[in-house]
Amino acid sequence: QVQLAESGGGSVQPGGSLRLSCAASGDTSRNHVMAWFRQTPEKEREGVAAIDPDGRTTVLDSLRGRFAISADNAKNILYLQMDSLKPEDTAMYYCAAGALRLVPVAAPLYPFWGQGTQVTVSS
């Protein structure tokens with residue numbers, strides 16, 4: 001089992017930046033794909049970005065250029081850097097781990113999840 005804990009969420013103004021962190025603990029000996037998802041009450045959980053053990057990444061097309069995923073493998077910490085934030089980025093953001101492939105970034109492929117951290121973008 002792997003435990004995931006997100007942090008770094010909060011309220012920011014449009015155009016602002018935020019960096020989310022996800023600390024992994026437990027059985028982290030296997031190097032599998034990790035990802036960020038987001039969810040709102042009116043939308044299904046959406047894959048934001050993912051990173052594999054080799055450092056290859058994928059980012060949702062609509063977010064490329066604004067969002068970047070990275071990881072500190074030695075510390076078992078996953079990051080999501082979010083720049084030029086927009087109100088439509090408002091959502092609960094979840095860290096997930098355990099997929100065997102980088103794509104697709106689909107929720108059913110991830111067995112381990114954090115509790116989420118809220119990101120609110122408003123003026």
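Numbering of residues begins at 1 and proceeds along the displayed sequence.
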To the nearest 0.5 Å, tell me how far [X] [atom1] sits from [Y] [atom2].
| X | Y | atom1 | atom2 | answer |
| --- | --- | --- | --- | --- |
| Ser70 | Leu78 | OG | CG | 7.0 Å |
| Glu44 | Gln39 | CD | CD | 6.5 Å |
| Asn73 | Met34 | CG | CE | 9.0 Å |
| Arg66 | Ser84 | CZ | OG | 7.0 Å |

Partners of [X] by side chain to side chain donor-acceptor pair (under 3.5 Å), sequence neighbours excluded?
| X | result |
| --- | --- |
| Asp83 | Ser17, Gln81 |
| Glu88 | none |
| Ser7 | none |
| Ser62 | none |

Under the criterion side chain to side chain contact (heavy atoms under 4.5 Å, CB included), I'd like the reasoning laid out for Ser25 against Gln3: C-alpha separation, chi angles, the key distance, then a yes or no. CA-CA 5 Å; Ser25 61; Gln3 292 78 49; 3.6 Å; yes
Residues passing the salt bridge (charged side-chain N to carboxylate O under 4.0 Å, His left out) test with Asp54, sequence neighbours excluded, are Arg56
Check whether any side-chain heavy atom of [X] sits under 4.5 Å from a side-chain heavy atom of [Y], and report yes or no.
| X | Y | value |
| --- | --- | --- |
| Pro87 | Pro14 | yes |
| Val48 | Val105 | no |
| Val119 | Leu20 | yes |

So, using side chain to side chain contact (heavy atoms under 4.5 Å, CB included) as the criterion, who are the partners of [X] when residues are at least two apart?
| X | result |
| --- | --- |
| Thr40 | Glu42, Lys43, Ala91 |
| Val12 | Leu18, Leu85, Val121 |
| Thr57 | Ile51, Ile69 |
| Pro111 | none |

Name all pairs fulfilling the ring pair (Phe, Tyr, Trp, His ring centres under 6.0 Å) condition that reach into residues 35-66, sequence neighbours left out, sorted by first residue then second.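 For residues 35-66, and leaving out neighbouring residues, the ring pair (Phe, Tyr, Trp, His ring centres under 6.0 Å) pairs sorted by first residue read Phe37-Tyr110, Phe37-Trp113.
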Quiz: residues 93-102 side-chain donor-acceptor pairs under 3.5 angstrom, not counting sequence neighbours:
| from | atom 1 | to | atom 2 | distance (Å) |
| --- | --- | --- | --- | --- |
| Tyr93 | OH | Arg38 | NH1 | 3.0 |
| Tyr93 | OH | Asp89 | O | 2.7 |

Run through the side-chain heavy atoms of Ile, Leu, Val, Met, Phe, Trp and Tyr, join any pair under 4.5 Å, and report what else lands in Tyr79's cluster.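 Once heavy-atom contacts under 4.5 Å are chained together, Tyr79 belongs with Ile77.
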Taking Glu6 for its side chain and Gln115 for its backbone only, find out whether a donor-acceptor pair lies under 3.5 Å.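 Checking the backbone N and O of Gln115 against the side chain of Glu6, a donor-acceptor pair under 3.5 Å is found.
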